[in-house]
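Let me begin by presenting the structure, written as structure tokens, before commenting on it.
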Amino acid sequence: MSSLDTLVESLRRLPGVGAKSASRMAFHLLQHDREGAQLLARALQAAAQQIRHCERCNTFTESPLCSLCADPRRDAGKLCVVETPADQAALERTGAFRGYYFVLMGKLSPLDGIGPREIGMHQLMARALDGQVSEVILATNFTAEGEATAHVIGEVLRARGLTVTRLARGVPAGSELEYVDLGTIAHALVDRR
């Protein structure tokens with residue numbers, strides 16, 4: 001396989017990138033931005049070598065503890081469970097949560113062979129049951145797998161006496177009911193306050 005073919009195939013590994021997009025990216029970098037290609041290559045190599053998982057929350061970091069876990073001003077009584085570092089970053093950007101996180105790095109998916117062990121359930125239990133956590137907030141996605149993951153984690157934690165809550169869902173602010181999908185309206189009615 002040629003270097004160009006290897007580059008295209010490597011770019012296709014990115015989510016949402018098909019053969020045409022990967023080819024366009026490869027040709028652009030090689031034809032118009034060789035310096036950018038070198039910069040990208042160095043950045044990817046450095047990230048792959050230096051980034052690891054936080055010992056406490058499992059997110060990406062270059063240190064043993066990420067900056068959030070190392071911040072003593074956060075509320076140790078609140079633990080928010082998310083699927084990915086991207087989900088954690090989105091919640092953190094809101095500025096509404098001042099507790100700590102645990103990043104699963106996935107969700108339960110028995111058909112794909114992803115069970116509790118693959119999403120770090122043992123680590124999560126150790127973290128949640130460390131004596132400081134009083135509430136676990138389940139912030140997994142509202143997909144079938146995310147709901148199943150939240151259900152399993154919630155049941156296990158409730159059985160051990162912890163308060164477990166789930167992110168609310170409902171009608172988005174600023175929307176008109178006639179344009180909101182029926183599933184969202186139904187959940188908003190059930191979860192009304």
Side-chain angles (χ1 to χ4, degrees), residues 1-76 78-109 111-128 130 137-143 145-146 149-150 153 167:
M1 185 179 284
S2 73
S3 297
L4 180 58
D5 292 336
T6 302
L7 175 59
V8 170
E9 285 305 309
S10 297
L11 290 169
R12 285 188 65 193
R13 297 178 73 120
L14 295 171
V17 177
K20 284 185 180 182
S21 294
S23 291
R24 273 195 307 275
M25 288 181 216
F27 287 127
H28 171 80
L29 288 169
L30 295 173
Q31 185 175 356
H32 300 291
D33 194 5
R34 292 248 176 173
E35 185 179 330
Q38 292 292 330
L39 181 65
L40 179 62
R42 285 191 300 273
L44 281 170
Q45 188 169 25
Q49 290 173 352
Q50 297 170 13
I51 294 176
R52 58 183 168 183
H53 294 282
C54 174
E55 294 173 358
R56 194 162 183 216
C57 76
N58 204 35
T59 197
F60 292 136
T61 183
E62 291 185 34
S63 306
L65 288 181
C66 71
S67 61
L68 297 177
C69 286
D71 184 352
R73 297 169 299 178
R74 297 189 77 92
D75 182 355
K78 306 271 189 266
L79 182 66
C80 184
V81 178
V82 296
E83 291 179 19
T84 68
D87 296 338
Q88 176 191 18
L91 283 170
E92 196 57 24
R93 280 192 304 272
T94 70
F97 182 68
R98 296 299 305 156
Y100 290 104
Y101 294 91
F102 186 85
V103 181
L104 297 170
M105 292 293 176
K107 57 194 171 274
L108 295 175
S109 181
L111 294 176
D112 297 320
I114 300 172
R117 179 178 294 166
E118 287 75 24
I119 63 167
M121 190 77 140
H122 181 70
Q123 283 178 279
L124 171 58
M125 291 303 123
R127 177 74 183 89
D130 69 359
I137 302 161
L138 300 175
T140 56
N141 293 313
F142 290 103
T143 61
E145 293 91 351
T149 302
I153 292 170
L167 280 186

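If you read the sequence from its start, that first residue is 1, and numbering goes on from there. Only this structure's heavy atoms are used, side chains among them; waters, hydrogens and symmetry mates stay out.
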Could you tell me which non-hydrogen atom of [X] sits nearest to which non-hydrogen atom of [Y], and how far apart they are?
{"X": "Thr140", "Y": "Thr149", "answer": "CG2-CG2, 4.2 Å"}
{"X": "Cys54", "Y": "Cys66", "answer": "SG-N, 3.3 Å"}
{"X": "Phe102", "Y": "Gly120", "answer": "CZ-O, 3.8 Å"}
{"X": "Met105", "Y": "Pro85", "answer": "CE-CG, 3.4 Å"}
{"X": "Leu167", "Y": "Ile137", "answer": "CD2-CG2, 4.4 Å"}
{"X": "Cys57", "Y": "Gln88", "answer": "SG-NE2, 4.5 Å"}

inquiry  = Quick one, Phe60 with His53, criterion side chain to side chain contact (heavy atoms under 4.5 Å, CB included). Give me CA distance, side-chain angles, the key distance, then yes/no.
reply    = CA-CA 5 Å; Phe60 292 136; His53 294 282; 3.8 Å; yes

At what distance, to the nearest 0.5 angstrom, does [atom1] of [X] lie from [atom2] of [Y]?
{"X": "Gln49", "Y": "Glu62", "atom1": "CD", "atom2": "CD", "value": "11.0 Å"}
{"X": "Asn141", "Y": "Thr84", "atom1": "CG", "atom2": "OG1", "value": "7.0 Å"}
{"X": "Asp33", "Y": "Gln38", "atom1": "CG", "atom2": "CD", "value": "10.5 Å"}
{"X": "Glu145", "Y": "Asp112", "atom1": "CD", "atom2": "CG", "value": "7.5 Å"}
{"X": "Tyr101", "Y": "Thr59", "atom1": "OH", "atom2": "OG1", "value": "10.0 Å"}
{"X": "Arg56", "Y": "Thr61", "atom1": "CZ", "atom2": "OG1", "value": "13.5 Å"}

Pairwise side-chain contact, Ile153 with Met121, heavy-atom cut-off 4.5 Å (strictly under) = yes

message = Contact between His122 and Pro116 at the side-chain level, heavy atoms closer than 4.5 Å - yes or no?
response = no

key: Residue pair Arg98, Asp71: steps toward the side chain to side chain contact (heavy atoms under 4.5 Å, CB included) verdict   = CA-CA 10 Å; Arg98 296 299 305 156; Asp71 184 352; 3.9 Å; yes

ask   = Is it the case that more than 12 heavy atoms not belonging to Gln45 sit under 6.0 Å from its CD atom?
value =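 Open.
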
Expected list for residues 7-32: side-chain donor-acceptor pairs under 3.5 angstrom, two or more places apart:
from  : atom 1 : to    : atom 2 : distance (Å)
Ser10 : OG     : Thr6  : O      : 2.8
Ser21 : OG     : Arg24 : NH2    : 3.3
Ser23 : OG     : Ala19 : O      : 3.0

